[in-house]
Amino acid sequence: MKIATWNVNSLRVRLPHVLDWLKREQPDVLALQETKTEDANFPQKELETAGYQAVYSGQKTYNGVAILSRTSAADVITDLPGLVDPQRRILAATVNGWRVVDLYVPNGSEVGSDKYAYKLDWLGHVHSWLKLELLRHPRLVVMGDFNIAPEDRDVHDPMAWNEKILCSTPERQAFQEWLALGFKDAFRCFDQPEKSFSWWDYRMNGFRRHLGLRIDHILISSQLVESCRACRIDVEPRGLERPSDHAPVLAEFV
DNA sequence: ATGGTCGGTAACCGA
């Protein structure tokens, strides 16, 4: 079983990269964020031709999540009980006996802003729901764009980012509270290169200068830890012409 | 030096 997550920043623009990457990596599951595509315009045909089924929860201009899979997805959820939110950021489905949760966590804009309050509130709601989801589905994967760099080693310049958005203590605390439910950060289950990042700002030549953050994550439930064999970030697509600002993250299981 | 670059959509907003 090979699973992956990728914030594509517009599926329409990135479809060629996604199709190339699917062909090369052949994941069983790929969770996408920021598809920015209404469901009616979802490129179902192109993905089917590549051998992938898709479930999705899209909206125009902003947000949008999708789960691509080789086998069919069941029990699809797009909204949480008690969380009324027009923003399409959540998608859960059962694939091949695995519960897969695809999240596009709010960015939060700036510490102290309305969007920041929304982010923390959202993280709290999802925390409560994940607690239940973990009871229902012992084999649970939660992956996506978390918009949180969990530790200073996940930040190219921790001093510059100190208590800034994506790095603030309340955000990191929320991440730790999720882990405390019984998840492991798959990436940290293995030795990794220093300065491993998954997102680089388009501005300031961020990628070329390695000015990145690790904000895209794969959380795995305890039951899956034993069978996890690898987790890595594939920086290759970030170097392509007209790239997403995020790189895909993959995890492999026996 | 508080900038810069994308994507979507049509003057800016969000990231």
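Just so it is clear: chains get the letters A, B, ... in the order the sequence lines come, proteins before strands, and each one is counted from 1.
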Practice problem: Report which part of the nucleic acid Arg89(A) touches: base, sugar-phosphate, or nothing (heavy-atom distance under 4.0 Å, all strands). | Solution: sugar-phosphate
Quiz item: For dG7(B), does OP1 or OP2 lie under 4.0 Å from any side-chain N or O of Arg14(A)?
Solution: yes
Self-check item: dG8(B) OP1/OP2 closer than 4.0 Å to side-chain N/O of Lys60(A)
Solution: no
Quiz item: If the P atom of dG3(B) is compared with that of dG7(B), how far apart are they to the nearest Å?
Solution: 22 Å
Quiz prompt | Nearest-angstrom distance from the residue atom NZ of Lys164(A) to C1' of dA15(B) | solution = 17 Å
Quiz prompt | Length of the line joining Gln87(A):CD and dG8(B):C1', which is rounded to integer Å | solution = 16 Å
Self-check item: dG8(B) OP1/OP2 closer than 4.0 Å to side-chain N/O of Arg12(A)
Solution: yes
Quiz prompt | Closest-nucleotide ordering on DNA chain B, the 5'-leading residue of Asn205(A) and Thr35(A) | solution = Asn205(A)
Practice problem: Decide, yes or no, whether a salt bridge links Lys45(A) with Glu48(A) under the criterion of side-chain N to carboxylate O below 4.0 Å. | Solution: no
Practice problem: Mind calculating the distance between NZ (Lys119(A)) and C1' (dA15(B)) to the nearest angstrom? | Solution: 11 Å
Practice problem: Provide, to the nearest angstrom, the distance between the CZ atom belonging to Arg208(A) and the P atom belonging to dG4(B). | Solution: 17 Å
Quiz prompt | Interatomic distance, Gln59(A) CD vs dG8(B) P [rounded to whole Å] | solution = 13 Å
Quiz prompt | Ser196(A) to Arg214(A) - nearest heavy-atom pair and separation | solution = O-CB, 3.5 Å
Practice problem: To the nearest 0.5 angstrom, please state how far the CG atom of Leu47(A) sits from the CG atom of Leu15(A). | Solution: 6.0 Å
Quiz item: With a non-hydrogen cut-off below 4.0 angstrom, is Tyr104(A) in contact with a base, only sugar-phosphate, or nothing?
Solution: sugar-phosphate
Practice problem: Using whole Å, report how far NZ of Lys36(A) lies from P of dC6(B). | Solution: 13 Å
Quiz item: To the nearest angstrom, how far is Asn7(A) atom CG from dG8(B) atom P?
Solution: 12 Å
Exercise. Using a strict 4.0 Å threshold on nitrogen-to-oxygen distance, state whether Arg188(A) and Asp154(A) make a salt bridge.
Key: yes
Quiz item: CG of Asp201(A) versus P of dT5(B): gap in Å, rounded?
Solution: 10 Å
Self-check item: Most 5' of Met204(A) and Asp245(A) on DNA chain B, judged by nearest nucleotide
Solution: Met204(A)
Exercise. Please answer whether the main-chain N or O of Leu166(A) pairs with a side-chain N or O of Glu171(A) as donor and acceptor at a distance below 3.5 Å.
Key: yes
Quiz item: If you measure from the P atom in dG4(B) to the same atom in dC13(B), how many Å do you get, rounded?
Solution: 16 Å
